[in-house]
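Okay, structure first, notes after.
Chain letters run A, B, ... following the sequence lines, proteins first, then strands; residues in each count from 1.
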Protein chains: 2
Amino acid sequence: MVIQYKDKQYFTSKDLALSVIGGRWKIAIIWCLLHETPLRLSEIQKKLPDANQRMLIRQLRELEEDKIITRYVYPVVPPKVEYKLSEVGLLLEPVVTSICNFGDQFMQTIEQEADSTLVD
Amino acid sequence: MVIQYKDKQYFTSKDLALSVIGGRWKIAIIWCLLHETPLRLSEIQKKLPDANQRMLIRQLRELEEDKIITRYVYPVVPPKVEYKLSEVGLLLEPVVTSICNFGDQFMQTIEQEADSTLVD
DNA sequence: TGCAATACTGACTCTTTTGTCACTATGAAC
DNA sequence: GTTCATAGTGACAAAAGAGTCAGTATTGCA
């Protein structure tokens with residue numbers, strides 16, 4: 001089975017999934033939008049202060065292209081644009097949740113190790 | 001909260017998780033080891049023919065460093081080395097599963113779209 | 001002697017991703 | 001007419017990641 005998507009070939013649906021969520025800030029953006037929605041660019045920036053604006057916009061554009069998020073532009077000045085997860089985007093909730101859970105568990109094992117190193 | 005791990009700082013456990021699973025072949029390797037274990041390098045190579053050996057070894061080394069997999073070397077010639085998921089590595093099962101599920105669902109939406117494009 | 005099998009390393013290049021900087025547009029308020 | 005706020009783009013530099021190629025070690029066997 002070969003999946004053709006956006007000029008690339010993917011051999012498993014898993015690889016396809018990774019191409020969608022694989023970007024420095026994408027999981028973080030989706031996480032934000034799962035917790036509060038809709039969000040404006042300026043609000044996402046506040047929640048992810050380490051990502052610069054240019055980078056965030058790029059990731060948002062890619063997510064939009066993949067139809068993970070929707071973008072609604074209000075015809076006002078100064079501009080107002082709202083981002084929210086699409087129906088397909090909401091399907092990523094289990095992915096984000098399981099990553100968070102693993103992160104917590106992994107962190108605990110690191111801390112335990114640090115503790116036992118101190119004890120030695 | 002700041003997590004120090006391997007000379008880097010992570011601001012959330014989610015970022016830490018991503019640093020562990022974020023490598024071109026890591027999810028694929030973990031997927032293989034969830035389905036069949038233990039596996040030798042040569043067996044993993046057969047299952048992931050698009051990854052070259054050097055690359056696989058690098059990813060395996062990193063996973064080993066993060067204690068996601070264990071590596072057992074048999075003292076024989078020619079060499080025999082077995083890889084399997086550690087206890088911590090097994091915690092990644094929900095992550096891999098949810099990514100696969102999302103991949104399948106995402107693929108369906110793409111296919112539906114392709115169908116409707118044909119209909120138009 | 002020379003080759004086979006397996007796992008692995010070093011040094012390098014190439015590509016992709018990420019980050020930075022300066023810049024644009026709009027209309028209202030002062 | 002200058003300034004503000006918001007969202008955005010273009011062009012480039014830097015860094016990280018991925019991929020390639022040639023080479024190592026071991027021991028048994030023909």
Side-chain angles (χ1 to χ4, degrees), chain A residues 5-11 14-16 18-30 32-33 38-66 69-84, chain B residues 5-11 15-16 18-30 32-33 37-66 69-84:
Chain A
Y5 184 62
K6 293 207 287 182
D7 289 347
K8 288 200 179 167
Q9 288 194 339
Y10 300 93
F11 295 98
K14 168 170 48 66
D15 296 333
L16 182 63
L18 290 172
S19 82
V20 169
I21 60 174
R24 179 79 179 75
W25 300 101
K26 286 187 186 175
I27 291 286
I29 290 170
I30 294 162
C32 288
L33 287 171
L39 284 175
R40 303 179 61 178
L41 173 64
S42 49
E43 293 170 325
I44 298 175
Q45 278 187 265
K46 270 173 213 144
K47 287 169 180 291
L48 303 174
D50 292 331
N52 69 64
Q53 198 193 37
R54 187 81 182 82
M55 214 40 225
L56 278 185
I57 291 173
R58 280 209 285 243
Q59 303 277 290
L60 286 165
R61 284 286 172 288
E62 290 181 18
L63 289 171
E64 197 194 349
E65 237 194 296
D66 293 330
I69 60 174
T70 57
R71 177 166 168 270
Y72 182 71
V73 184
Y74 290 85
V76 294
V77 168
K80 176 172 176 177
V81 178
E82 278 184 353
Y83 295 94
K84 60 165 70 174
Chain B
Y5 183 63
K6 294 207 287 184
D7 290 348
K8 288 201 178 165
Q9 287 193 340
Y10 300 94
F11 294 99
D15 296 333
L16 182 63
L18 290 173
S19 82
V20 170
I21 60 173
R24 179 79 179 75
W25 300 100
K26 287 188 188 174
I27 291 287
I29 291 170
I30 294 161
C32 289
L33 288 171
T37 192
L39 285 174
R40 301 180 62 177
L41 174 62
S42 49
E43 294 170 325
I44 298 175
Q45 278 186 266
K46 270 172 215 146
K47 286 169 179 292
L48 303 174
D50 291 331
N52 70 63
Q53 198 192 39
R54 187 81 182 82
M55 214 42 223
L56 279 185
I57 291 173
R58 278 209 286 245
Q59 304 277 293
L60 286 165
R61 283 287 172 288
E62 288 181 20
L63 288 169
E64 195 193 350
E65 236 195 296
D66 291 332
I69 61 175
T70 57
R71 177 167 168 271
Y72 182 71
V73 184
Y74 289 86
V76 294
V77 166
K80 175 173 176 177
V81 179
E82 279 184 354
Y83 295 95
K84 58 165 72 174

May I have the distance from [X] (atom [atom1]) to [N] (atom [atom2]), rounded to whole angstrom?
X: A/Q45; N: D/dA7; atom1: CD; atom2: P; value: 8 Å
X: A/I69; N: D/dA7; atom1: CD1; atom2: P; value: 13 Å
X: A/I29; N: C/dT18; atom1: CD1; atom2: C1'; value: 13 Å
X: B/E62; N: C/dC8; atom1: CD; atom2: C1'; value: 16 Å
X: A/Y83; N: D/dA7; atom1: OH; atom2: C1'; value: 7 Å
X: B/D50; N: D/dT20; atom1: CG; atom2: P; value: 10 Å
X: A/Q53; N: C/dT24; atom1: CD; atom2: P; value: 16 Å
X: B/L60; N: C/dA7; atom1: CG; atom2: C1'; value: 11 Å

Review point. Is there a donor on the side chain of B/R58 or the base of D/dG17 sitting less than 3.5 Å from an acceptor on the other?
Key: no
Practice item. Measure distances between side-chain N and O atoms of A/R61 and base N and O atoms of D/dG8, and say whether any donor-acceptor pair falls under 3.5 Å. Key: no
Considering only [options], which nucleotide approaches the side chain of [X] most closely?
X: A/P78; options: D/dT6, D/dG8, C/dA7; answer: D/dT6
X: A/L41; options: C/dG19, D/dT20, D/dA7; answer: D/dA7
X: B/R40; options: C/dA7, C/dG19, C/dT9; answer: C/dA7
X: B/R24; options: D/dT27, D/dG8, D/dA18; answer: D/dA18
X: B/M55; options: D/dG19, D/dT6, C/dC8; answer: D/dG19
X: A/I57; options: D/dT9, C/dT20, D/dT6; answer: D/dT9
X: A/R54; options: D/dA11, D/dG8, C/dT26; answer: D/dA11
X: A/Q59; options: C/dC8, D/dT20, C/dT18; answer: C/dT18

**Study point:** Among B/D50, B/I30, B/I44, the one residue meeting side chain to side chain contact (heavy atoms under 4.5 Å, CB included) with B/W25
**Key:** B/D50
Any side-chain N or O of [X] below 4.0 angstrom from OP1/OP2 of [N]?
X: B/S42; N: C/dA5; answer: no
X: B/W25; N: D/dG19; answer: yes
X: B/N52; N: D/dG19; answer: no

**Study point:** Closest heavy-atom pair and its distance - A/L56, A/L48
**Key:** CD2-CD1, 4.0 Å
Point to revise | Minimum heavy-atom distance between B/Y83 and B/R61, given as atom pair plus value | key: OH-NH1, 3.6 Å
Review point. Contact class for A/Y74 (heavy atom, under 4.0 Å): base, sugar-phosphate, or nothing?
Key: nothing
Practice item. With the side chain counted from C-beta on, respond yes when A/K14 and B/I27 share a heavy-atom pair under 4.5 Å apart, and no when they do not. Key: yes
Practice item. Check whether any side-chain heavy atom of B/R40 lies under 4.5 Å from a side-chain heavy atom of B/Q45, and answer yes or no. Key: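 Result no, sub-4.5 Å side-chain heavy-atom pair not found.
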Review point. Is atom NZ of A/K84 surrounded by more than 12 heavy atoms (other residues, nucleotides or ligands) closer than 6.0 Å?
Key: no
Revision key, fill the gap. Assign each of A/A51 and B/P79 the nucleotide of DNA chain C bearing its closest heavy atom; nearer the 5' end lies the nucleotide of B/P79
